[in-house]
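Below, each value reflects all heavy atoms present in this structure, side chains not excepted, and no hydrogens, waters or symmetry copies. We're numbering straight along the sequence, starting at 1.
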Amino acid sequence: MKKTLLAAGVATSTLLATGAAMAEPVPNLVTVVTSAEPQTQLMAMVLTMQAAQQGAKAHIMLCGPAGDLALKDAPASATAGQPPKDMSPQGLMQMIREKTGATTEVCAIYLPGKALDASALLDGVGVADPAEMAQRLMAADTRVLSF
């Protein structure tokens, strides 16, 4: 009898734990990158990729010098490989988009500040709408990383 009750208790606990895990919402992650430093930009992408691979729904916003990562004609600092894996900030950003479905946008003032239009951006990179970005940042289920 004790073995039957113990087995039933274990089975119930397992079902409850599985149900709780299944009911957890997918966390949202917004990574805001403004740094001009390639190593900082790359680390932002590394952490974003790791979070996405662990189930986060990722969104990347680039502003200021980091907006250059989104350019078709990006500077060498965005495209040069960094140690230890010879990956560039732009290359990993594109990999995140392709492999995880993350969205990538430049801030609304980036292109006008550079006297450019959306044709200067890599395919798949958009321009953030300030109202939508503010809503995304303020959502209770969102984590924000800022670099």
- Shared hydrophobic cluster for M93 and L111 (ILVMFWY, side-chain gaps under 4.5 Å): yes
- Message: Quick check: closest heavy atoms across G67 and V106, and the distance to 0.1 Å?
- Response: O-CG1, 4.1 Å
- Contact check, side chains of V30 and L145, non-hydrogen atoms, under 4.5 Å: no
- Task: Check whether any side-chain heavy atom of L42 lies under 4.5 Å from a side-chain heavy atom of Q39, and answer yes or no.
- Result: no
- Note on the structure: Taking every heavy atom of T40 against every heavy atom of S35, the minimum-distance pair comes out as CB-OG, 3.6 Å
- Closest approach of Q82 to P89 (non-hydrogen atoms, all atoms of both residues): CG-CD, 4.4 Å
- How about Q53: does its CD atom have over 12 heavy atoms from other parts shown lying under 6.0 Å from it? yes
- If you look at every heavy atom in L69 and L122, which pair is closest and at what distance? O-CD1, 3.7 Å
- Message: Within this structure, what is the CD-OG distance for the pair Q41 and S77, rounded to the nearest 0.5 Å?
- Response: 6.0 Å
- Message: In the structure I gave you, are the side-chain heavy atoms of C107 and M61 within less than 4.5 Å of one another anywhere?
- Response: yes
- Message: Is the shortest side-chain heavy-atom distance between E105 and H59 below 4.5 Å?
- Response: yes
- Going through the checks in order, is the side-chain contact (heavy atoms from CB on, under 4.5 Å) test met by M45 and V33? CA-CA 9 Å; M45 298 305 147; V33 189; 4.0 Å; yes
- Value rounded to 0.5 Å, distance of NZ in K72 from OG in S119: 6.0 Å
- Message: I'd like to check L137 versus M133 (side-chain heavy atoms, cut-off strictly below 4.5 Å). Are they in contact?
- Response: yes
- V144 and M43: same hydrophobic cluster, using ILVMFWY side-chain contacts below 4.5 Å? no
- Evaluate the criterion side-chain contact (heavy atoms from CB on, under 4.5 Å) for residue pair K114 and D68; output intermediate values, then yes/no. CA-CA 10 Å; K114 295 281 250 182; D68 293 352; 3.3 Å; yes
- Query: Has D141 got more than 12 heavy atoms of other residues, nucleotides or ligands less than 6.0 Å from its CG?
  - Reply: yes
- Please answer: with hydrophobic residues joined when any side-chain heavy atoms are less than 4.5 Å apart, are M95 and L121 in the same cluster? yes
- Query: How close do V125 and R97 get, heavy atom to heavy atom, and via which atoms?
  - Reply: CG2-NE, 4.1 Å
- Task: Begin from the C-alpha positions of T31 and F147 and carry the test side-chain contact (heavy atoms from CB on, under 4.5 Å) through to its verdict.
- Result: CA-CA 8 Å; T31 303; F147 295 89; 4.0 Å; yes
- Note on the structure: Heavy-atom nearest pair, V127 first then A108, reads CG1-CA, 3.9 Å
- Task: I would like to know whether N28 and R136 meet side-chain contact (heavy atoms from CB on, under 4.5 Å); could you show each step before the answer?
- Result: CA-CA 9 Å; N28 292 305; R136 184 177 283 119; over 6 Å; no
- Item | I96 and I60, any side-chain heavy atoms less than 4.5 Å apart | yes
- Task: Could you check if a side-chain atom of T48 sits within less than 4.5 angstrom of a side-chain atom of L29, using non-hydrogen atoms only?
- Result: yes
